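Presented below is the structure to which this report refers.
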There are 2 protein chains.
Amino acid sequence: MTRRATSQDVADRAGVSRSAVSLVLNGRGAGNISAANQAAILAAARELDYRPNPVALSLRTQRSATIGVVTDAIATAGYAGRLLQGASERAAAHGYLLLVIDTQRDPSQEARAFDTLRDRQVDGFLFAAMSLRSYEPSPVGSGAPIVLANCFDPDDRVLGFVPDEIAGGAAAARHLVERGHRDIVLLAGTPDVVATHLREQGYLEVMAAAGLAVPPSVVGGWDIEQGHAAATHVLTTRDPLPTALICANDRAAAGAVLAAANLGLSVPGDLSVVGYDDDQNVAPTMVPALTTVRLPHREMGEAAMQALLDRMVEGADSPIAGRVLLDCPLVVRDSVAAPAPRPGR
Amino acid sequence: MTRRATSQDVADRAGVSRSAVSLVLNGRGAGNISAANQAAILAAARELDYRPNPVALSLRTQRSATIGVVTDAIATAGYAGRLLQGASERAAAHGYLLLVIDTQRDPSQEARAFDTLRDRQVDGFLFAAMSLRSYEPSPVGSGAPIVLANCFDPDDRVLGFVPDEIAGGAAAARHLVERGHRDIVLLAGTPDVVATHLREQGYLEVMAAAGLAVPPSVVGGWDIEQGHAAATHVLTTRDPLPTALICANDRAAAGAVLAAANLGLSVPGDLSVVGYDDDQNVAPTMVPALTTVRLPHREMGEAAMQALLDRMVEGADSPIAGRVLLDCPLVVRDSVAAPAPRPGR
DNA sequence: CTGAAAGCGCTTACAG
DNA sequence: CTGAAAGCGCTTACAG
């Protein structure tokens with residue numbers, strides 16, 4: 001391969017100065033450069049396949065056309081990669097590339113990540129969390145703007161995009177109520193994550209509005225085994241059995257379905273189950289396919305990146321802040337049915 | 001925040017020229033700069049928290065301390081994110097950052113990705129595939145060196161790191177044979193992926209070496225539903241039942257376990273099951289926890305990055321090429337037991 | 001309408 | 001032992 005063409009090369013070929021090629025190629029030719037020379041420059045650039053050197057551009061303009069992404073182990077998180085995907089596509093559409101650093105939840109790495117990225121002259125920061133949490137950004141006001149995805153500033157000085165978990169929990173419960181269920185138990189996630197409480201709140205609101213008694217929730221957890229254990233507990237303990245389970249996430253739901261099978265119960269015949277996340281590795285291909293609430297990972301990535309891009313043109317001092325709630329739509333599949341008529345009623 | 005210190009700033013503070021600070025800070029002070037000035041420069045740099053501007057450095061040296069990673073939808077792939085993680089850590093340890101572009105398996109995007117990354121002056125390329133496949137790299141010999149992870153050049157002109165799938169398939173079968181199984185059926189993956197055939201080959205070799213008859217394999221697939229369907233097929237069709245199933249991956253294995261439960265069979269009491277991948281979202285928390293073959297995702301990322309880094313110092317013309325096979329270790333958990341004594345024997 | 005100059009922040013020959 | 005100069009590739013005032 002031969003050396004890449006520089007603006008000097010196209011200037012030489014067009015018989016003009018570098019200034020002229022710069023002006024023309026940046027759309028400022030009109031009124032400055034003669035039509036003949038404009039044409040010559042354009043032709044030369046095309047023939048030489050000239051593209052400005054981004055590094056030189058960076059040095060000159062103090063901008064890099066790259067966004068620094070610091071994450072919370074998101075790269076390891078599986079379906080959460082869709083967040084990065086959404087952010088990446090939106091950035092690419094505007095000519096930006098992503099420099100991503102995964103901090104593995106280590107706060108000291110996090111600080112260094114911001115420094116490293118700032119050194120690299122990134123034009124903006126996106127901080128993305130693996131699972132919904134609060135995040136106190138250190139580098140506020142320290143240069144490039146920052147936007148949060150799947151996390152939020154407790155003081156709302158920074159803009160964050162998060163799932164509307166209360167509505168998500170409510171959607172799950174409402175679907176079951178509408179299908180005729182009256183005895184719905186919640187297999188909650190662990191109390192250390194905020195989503196657990198938000199989803200429970202949504203569930204509780206719907207139960208109250210429907211005038212339904214709330215059976216004791218069970219704290220399960222986020223994986224197959226914990227869903228299995230929690231479901232086994234309620235299915236061997238409750239009499240009569242509840243007709244529906246709302247699970248902490250899709251993996252827990254898979255565990256619950258397996259627990260039901262182990263007890264000779266069929267889903268959704270004997271028991272309806274709804275999951276959470278719409279985990280592509282689980283929900284659509286479970287047997288039965290899981291009715292679930294979708295977490296808007298891709299949307300969070302897209303929206304946060306778009307907000308960041310907007311903010312970068314307006315200047316870092318634009319007054320946007322706070323948190324915006326993204327919809328968690330119900331995805332109806334095959335794990336919910338109307339409850340079987342109960343003998344005792 | 002105030003402007004970042006430049007080498008001029010430290011030169012001023014130390015009372016020397018920029019050349020001197022450059023020399024000293026790059027370890028070439030000895031014999032060139034007086035001891036007193038060296039000390040002054042070091043002190044000034046520390047006081048000013050001076051770090052050389054990477055962008056200026058890039059322009060000057062024509063290197064960027066960044067590696068371009070182009071992937072095959074790996075960011076969306078879940079556990080495959082560990083590959084990126086391994087690569088990223090190894091790169092960071094050497095002062096390199098990753099610019100990653102996900103091509104979504106679109107060949108035209110792929111070509112553009114390499115161009116974009118080359119423009120950005122990346123010092124090397126890593127191409128990583130979501131699932132094992134062959135890959136014909138276009139940009140060979142076009143500047144920066146390239147190494148492959150989880151894929152291989154059919155002509156072996158480029159170095160690639162891949163899992164030893166034959167050995168992996170063999171390990172699964174051998175484990176079962178050693179536990180006393182003689183009737184082991186393979187629930188294969190789909191024939192479009194090379195790993196399917198490699199794993200089957202390993203399985204076949206072990207069966208032959210043990211002098212065991214090979215029951216017909218079933219082509220299942222890579223997800224829960226397909227594992228469920230394939231397992232249901234063999235468990236309702238075969239008589240006597242096989243005592244063990246080797247599944248295409250952990251999700252298929254989860255489907256198989258669920259199918260067994262639906263049929264009133266227990267794992268591993270009535271049936272042993274082994275998975276593949278060691279998918280962290282499935283294998284360790286299945287009920288029972290899955291005995292499986294681990295895919296060396298992290299190791300592929302690390303090894304490929306290390307090879308790339310080595311290659312970058314030796315020059316892009318170092319003669320390494322071919323493919324190196326990484327170990328797929330068996331992870332023993334709870335889904336395999338000795339076969340129950342069979343009535344008819 | 002156009003070119004020569006300065007400058008972004010660095011390093012590396014080159015003179016002294 | 002040390003500083004002034006050139007140059008990486010670009011853009012933006014500034015003279016003409």
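Please read all numbers here as calculations on a predicted model, not as lab measurements. Note on naming: letters A, B, ... go to the chains in the order of the sequence lines (proteins, then strands), and numbering restarts at 1 for each one.
No side-chain donor-acceptor contact under 3.5 Å links Ser134(A) to the backbone of Asp153(A). In terms of modelled atom types and a separation under 3.5 Å, the side chain of Asn150(A) and the main chain of Val162(A) share no donor-acceptor contact. Counting only distance, with no hydrogens or angles, the side chain of Ser22(B) and the backbone of Arg18(B) share no donor-acceptor pair below 3.5 Å.
Other residues, nucleotides and ligands place no more than 12 heavy atoms under 6.0 Å from the CZ atom of Arg28(A).
The pair Asp115(B)-Arg112(B) fails the salt-bridge criterion, with no side-chain N (NZ, NE, NH1 or NH2) lying under 4.0 Å from an Asp/Glu carboxylate O. Taking 4.0 Å as the cut-off between side-chain N and carboxylate O, Asp119(A) and Arg4(B) count as a salt-bridged pair. The existence of a salt bridge linking Arg82(A) and Glu89(A) is excluded, since no basic side-chain nitrogen approaches an acidic carboxylate oxygen closer than 4.0 Å.
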Stepwise side-chain contact (heavy atoms from CB on, under 4.5 Å) test for Leu126(B) and Ile146(B) | CA-CA 6 Å; Leu126(B) 179 66; Ile146(B) 178 170; over 6 Å; no

Could you walk me through whether Arg118(A) and Phe125(A) pass side-chain contact (heavy atoms from CB on, under 4.5 Å), step by step?
-> CA-CA 9 Å; Arg118(A) 208 189 328 272; Phe125(A) 291 102; 4.1 Å; yes

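Counting to the nearest Å, the P atom of dC10(D) and the CG atom of Asp12(A) are 12 Å from each other. With rounding to whole Å, Gln8(B) atom CD is found 11 Å from dC10(C) atom C1'. Rounding to whole angstrom units, CG of residue Asp9(A) and C1' of dC10(D) are separated by 13 Å.
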Can you tabulate the close N/O pairs, meaning under 3.5 Å, that link protein atoms to atoms of nucleotides 14-16 of chain D?
none

Identify the pairs formed between an N or O of the protein and an N or O of nucleotides 7-9 of chain C at a distance under 3.5 Å, and give each distance.
{"from": "dG7(C)", "atom 1": "N2", "to": "Arg60(A)", "atom 2": "NH1", "distance (Å)": "3.4"}
{"from": "dC8(C)", "atom 1": "O3'", "to": "Gln62(A)", "atom 2": "NE2", "distance (Å)": "3.4"}
{"from": "dC8(C)", "atom 1": "O2", "to": "Arg60(A)", "atom 2": "N", "distance (Å)": "3.4"}
{"from": "dG9(C)", "atom 1": "N2", "to": "Ala56(B)", "atom 2": "O", "distance (Å)": "3.4"}

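What you find for Gly68(B) and Leu117(B) is that their closest heavy atoms are CA-CG, 3.8 Å.
Look at Arg28(A) and you won't find any side-chain N or O under 4.0 angstrom from OP1 or OP2 of dT11(D).
With ring centers used as reference points, Phe127(B) lies under 6.0 Å from Tyr135(B).
The side chain to side chain donor-acceptor pair (under 3.5 Å) search around Arg323(B) returns Asp156(B), not counting sequence neighbours.
Listed by first and then second residue, the side-chain hydrogen bond (donor to acceptor under 3.5 Å, both in side chains) pairs that reach into residues 31-50 of chain B are Arg13(B)-Glu47(B), sequence neighbours excluded.
Near-neighbour residues of DNA chain D inside residues 32-42 of chain B, defined by a heavy atom below 4.0 Å, number-ordered: Asn32(B), Ile33(B), Ser34(B), Asn37(B).
Remark: the separation of the P atoms in dG9(D) and dT2(C) is 26 Å, to the nearest Å.
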In dot-bracket, 5' to 3', how would DNA chain C read with Watson-Crick or G-U wobble pairs under 3.5 Å, [ ] for crossing ones and | for pairs to another strand?
-> |||.||||||||.|||

